[in-house]
Colleague: 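Sharing a structure here in structure tokens format.
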Amino acid sequence: MKTTIDKVHEHVGEEVTLGGWLANKRSSGKIAFLQLRDGTGFIQGVVVKAEVNEETFELAKRITQESSLYVTGTIVKDERSPLGYEMHVKKLELIHEAVDYPITPKNHGTEFLMDHRHLWLRSRKQHALMKIRNEVIRATYEFFNEQGFIKVDPPILTGASAEGTTELFHTKYFDEDAYLSQSGQLYMEAAAMAFGKVFSFGPTFRAEKSKTRRHLIEFWMIEPEMAFMDHEDSLELQEQYVSYIVQSVLKNCQIELKTLDRDTSKLENVQAPFPRITYDDAIKLLHEKGFDDIEWGEDFGAPHETAIAESFDKPVFITHYPAKIKAFYMKPDPDRPEVVLCADLIAPEGYGEIIGGSQRIDDLELMEKRYEEHHLHGPAYEWYLELRKYGSVPHSGFGLGLERTVAWIAGIEHVREAIPFPRLLNRLYP
RNA sequence: UCCACCGUAGCUCAGUGGUAGAGCAAUCGGCUGUUAACCGAUUGGUCGCAGGUUCGAAUCCUGCCGGUGGAGCCA
């Protein structure tokens with residue numbers, strides 16, 4: 001009977017066949033240990049010379065790393081296994097012999113591993129990371145569907161930028177200039193006016209020459225947009241959403257978190273509500289901490305964000321930034337027009353900003369004024385103004401960076417391992 | 001774009017002016033509970049590239065190329 005490693009607990013004492021690859025092996029004169037993986041997990045196969053025919057034992061000793069094979073044997077419980085189960089092998093059938101697999105069981109450098117990313121994904125740690133990424137995605141769909149959102153997909157090819165600040169990838173759309181999307185937000189605002197509560201999940205592109213552990217050239221973003229929700233409503237949704245995905249990973253990815261040696265006590269604490277600090281108070285906090293390189297009106301750098309995050313044991317919202325350093329579409333605070341109704345959510349442990357969100361300007365005249373200030377003109381921007389012309393309502397939205405969130409939950413050093421095939425500065429291969 | 005560090009065997013690294021090294025991988029042999037298994041042997045080199053200094057350069061100098069980390073920008 002064929003099965004998979006994630007289902008072996010249902011077959012204790014039974015003889016089953018697994019299709020898989022040899023991750024590693026150890027052998028002595030009369031016993032061989034095969035570390036097998038099949039995509040659903042890892043299990044050890046034990047081949048005892050006295051219990052199999054000579055041909056099978058010889059194959060067990062000879063088989064090379066990452067060769068593919070069918071393995072038949074009996075599933076047994078064993079305390080010594082991290083999985084809790086082992087297979088006592090009766091029969092091995094080699095499908096394909098791998099010769100000189102490059103990723104050997106030892107330390108490798110980043111460049112070498114990234115050049116072999118197509119193979120590196122097979123390793124235990126990378127496998128665990130992709131499972132956690134998948135759980136975050138699965139929980140995202142579940143959360144927003146339960147909350148009455150529908151998924152709307154914005155275009156990837158666009159005629160203009162959403163923020164006007166970051167560098168865009170330029171391409172041609174037949175005879176017109178076009179750009180790869182750096183945010184679906186403007187389109188999501190249109191969708192919110194059509195469907196109420198919407199979210200998108202897709203790739204986004206920034207042609208910045210960023211070279212840090214927090215940056216990718218191509219990354220995935222989840223962008224919800226909600227009609228009739230103000231800034232406060234949006235913050236509550238955000239903390240519920242982030243708590244939901246963290247708790248889902250804790251619930252469904254225990255093996256993976258263990259593989260990654262993640263300190264889960266820090267994740268268990270991630271429950272709504274999250275602490276909040278205004279931009280004003282954050283500046284004061286930084287001055288108290290000895291940062292004299294920042295004044296009111298300036299944006300935070302990475303060291304500032306980390307210092308603020310270190311003052312809290314949960315993700316923290318920084319709210320009410322000066323309007324000048326934020327995007328043109330953010331709604332001014334009615335009580336203090338020099339600041340806007342926005343918030344960045346800073347993850348703990350130095351992982352940086354994982355969410356940026358705001359209430360949007362819903363007044364046509366103010367939006368037209370912003371267009372003039374930011375020199376936004378031309379047909380590419382006309383439709384966005386019309387959202388304020390025909391039945392404008394208060395609305396808010398935010399964007400969550402998937403890879404930063406996964407990197408934080410998984411506790412890894414660099415976002416490049418949180419995406420299957422990272423696009424980095426100087427890396428378009430594989 | 002700027003700053004710092006790095007580039008030596010398939011991989012990870014040591015060697016800082018005088019014969020090119022180790023561990024792992026691979027190959028051969030040994031070993032009945034291994035967890036990056038272990039033990040013995042064998043194989044493996046355009047010292048990133050170009051130029052310069054020197055009797056002599058992996059080592060010192062200049063330029064270039066590539067990488068890593070960080071800054072700015074942002075999720």
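A, B, ... follow the sequence lines: proteins, then strands. Residue 1 opens every chain.
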Colleague: Do the side-chain N and O atoms of S81(A) and D78(A) include a donor-acceptor pair separated by under 3.5 angstrom?
Modeller: no
Colleague: Look at the side chain of Q35(A) and decide which nucleotide, out of G33(B), U34(B), G69(B), has an atom nearest to it.
Modeller: U34(B)
Colleague: Which is true for Q44(A) with a 4.0 Å heavy-atom rule: it touches a base, it touches only sugar-phosphate, or it touches nothing?
Modeller: base
Colleague: For the rings on F201(A) and F144(A), is their centre-to-centre separation under 6.0 Å?
Modeller: no
Colleague: Please, which pairs that meet ring-ring contact (aromatic ring centres under 6.0 Å, His included) have at least one residue in residues 13-68 of chain A, sequence neighbours excluded?
Modeller: F42(A)-H127(A)
Colleague: I want to confirm an ordering. Mapping T64(A) and F219(A) to their closest nucleotides on RNA chain B, which one lands closer to the 5' end?
Modeller: T64(A)
Colleague: Kindly write out the residues that satisfy side-chain hydrogen bond (donor to acceptor under 3.5 Å, both in side chains) with S248(A), not counting sequence neighbours, or none if the list is empty.
Modeller: none
Colleague: Is there a Watson-Crick or G-U wobble partner for U32(B) with both distances under 3.5 Å, and if so, which one is it?
Modeller: none
Colleague: Rounded to the nearest 0.5 Å, how far does CD of E403(A) lie from CZ of F219(A)?
Modeller: 7.5 Å
Colleague: Look through every strand shown and name the nucleotide pairing with G69(B) as Watson-Crick or G-U wobble, where both distances are under 3.5 Å.
Modeller: C3(B)
Colleague: Can you list the residues that meet the salt bridge (charged side-chain N to carboxylate O under 4.0 Å, His left out) rule with E372(A), with sequence neighbours excluded?
Modeller: none
Colleague: Indicate, with a heavy-atom threshold strictly under 4.0 Å, whether H414(A) touches base, sugar-phosphate, or nothing.
Modeller: sugar-phosphate
Colleague: Under a 4.0 Å N-O cut-off, is there an ion pair linking R370(A) with E373(A)?
Modeller: yes
Colleague: How close or far is atom P of C73(B) from atom CZ of F169(A), stated in whole angstroms?
Modeller: 19 Å
Colleague: Would you jot down, in residue-number order, the residues of residues 283-304 of chain A having a non-hydrogen atom under 4.0 Å from RNA chain B?
Modeller: D299(A), G301(A), A302(A)
Colleague: Taking side-chain hydrogen bond (donor to acceptor under 3.5 Å, both in side chains) as the definition, give me every residue that meets it alongside D230(A), ordered by chain and number, with sequence neighbours left out.
Modeller: none
Colleague: Between atom CD in E417(A) and atom P in U68(B), what is the gap in whole Å?
Modeller: 12 Å
Colleague: Which whole-number value in Å describes the distance from I346(A) CD1 to C74(B) P?
Modeller: 12 Å
Colleague: Please name all residues satisfying salt bridge (charged side-chain N to carboxylate O under 4.0 Å, His left out) with R214(A), sequence neighbours left out, ordered by chain then number.
Modeller: none
Colleague: Identify, with sequence neighbours excluded, every residue that meets side-chain hydrogen bond (donor to acceptor under 3.5 Å, both in side chains) alongside H170(A).
Modeller: D177(A)
Colleague: Which whole-number value in Å describes the distance from R213(A) CZ to A71(B) P?
Modeller: 8 Å
Colleague: Could you check which nucleotide pairs with C60(B) in any of the strands shown, counting Watson-Crick or G-U wobble with both distances under 3.5 Å?
Modeller: G52(B)
Colleague: To the nearest angstrom, how far is H215(A) atom NE2 from G69(B) atom P?
Modeller: 13 Å
Colleague: Could you pull out the protein-nucleic contacts involving nucleotides 11-13 of chain B (nitrogen or oxygen on both sides, under 3.5 Å)?
Modeller:
from   : atom 1 : to      : atom 2 : distance (Å)
C11(B) : O2'    : K106(A) : NZ     : 3.4
C11(B) : O2'    : N107(A) : O      : 3.3
C11(B) : O2'    : H108(A) : ND1    : 2.6
C11(B) : O2     : K106(A) : NZ     : 2.8
U12(B) : OP1    : G109(A) : N      : 2.9
U12(B) : O4'    : K106(A) : NZ     : 2.9
U12(B) : O4'    : N107(A) : O      : 3.4

Colleague: So which nucleotide does A9(B) pair with, by the Watson-Crick or G-U wobble rule with both distances under 3.5 Å?
Modeller: none
Colleague: Is it the case that the side chains of D344(A) and Y321(A) hold a donor-acceptor pair, with the cut-off being a distance below 3.5 Å and no angle test?
Modeller: yes
Colleague: I want to verify the glycosidic state of U46(B); is it syn or anti under the 90° rule?
Modeller: anti
Colleague: What's the closest nucleotide to the side chain of R206(A) if the choices are C74(B), U32(B), A26(B)?
Modeller: C74(B)
Colleague: Would you classify L216(A) as touching base, sugar-phosphate or nothing, given that sugar-phosphate means primed atoms plus P, OP1 and OP2, and contacts are heavy atoms under 4.0 Å?
Modeller: base
Colleague: R214(A) side chain N/O closer than 4.0 Å to the phosphate oxygens (OP1, OP2) of G69(B)?
Modeller: no
Colleague: In Watson-Crick or G-U wobble terms, both distances under 3.5 Å, what is the partner of G44(B)?
Modeller: none
Colleague: Could you list the residues that satisfy salt bridge (charged side-chain N to carboxylate O under 4.0 Å, His left out) with E239(A), not counting sequence neighbours?
Modeller: R276(A)
Colleague: Do Q185(A) and Y329(A) have side-chain atoms, one donor and one acceptor, less than 3.5 Å apart?
Modeller: yes
Colleague: Output yes if the stacking criterion (under 5.5 Å between centres, under 30° between planes) is met for F33(A) over the base of G33(B), else no.
Modeller: no
Colleague: Tabulate atom names and distances for all N/O pairs under 3.5 angstrom spanning the protein and nucleotides 1-6 of chain B.
Modeller:
from  : atom 1 : to      : atom 2 : distance (Å)
U1(B) : O4     : K209(A) : O      : 3.2

Colleague: Considering Watson-Crick and G-U wobble pairs with both distances under 3.5 Å, what does U19(B) pair with?
Modeller: none
Colleague: Are the side chain of T259(A) and the backbone N or O of K125(A) linked by a donor-acceptor pair below 3.5 Å?
Modeller: no
Colleague: Determine the Euclidean distance between corresponding C1' atoms of G17(B) and G23(B); express it in Å to zero decimal places.
Modeller: 27 Å
Colleague: Base, sugar-phosphate or nothing for R427(A)? Non-hydrogen atoms, less than 4.0 Å.
Modeller: nothing
Colleague: Is the backbone of T264(A) close enough, under 3.5 Å, to the side chain of R262(A) for a donor and an acceptor to pair up by distance?
Modeller: no
Colleague: Let's see if you get this right: which residues in residues 23-30 of chain A place a heavy atom under 4.0 Å from RNA chain B?
Modeller: N24(A), R26(A), S27(A), S28(A), G29(A), K30(A)
Colleague: Atom CD of E305(A) and atom C1' of G72(B): how far apart are they, to the nearest Å?
Modeller: 13 Å
Colleague: Can we say R336(A) and E338(A) salt-bridge, meaning some charged N sits less than 4.0 Å from an Asp/Glu carboxylate O?
Modeller: yes
Colleague: Please find out if less than 6.0 Å separates the ring center of Y179(A) from that of F205(A).
Modeller: no
Colleague: If you look at every strand shown and take non-hydrogen atoms under 4.0 Å, does E223(A) touch a base, only sugar-phosphate, or nothing?
Modeller: nothing
Colleague: Look at D362(A) together with R360(A) and state whether they make a salt bridge at an N to O cut-off of under 4.0 Å.
Modeller: no
Colleague: Which residues within residues 310-325 of chain A lie with some heavy atom under 4.0 Å of an atom in RNA chain B?
Modeller: none
Colleague: Is the base of G33(B) touched by the side chain of E86(A) through a donor-acceptor pair closer than 3.5 angstrom?
Modeller: yes
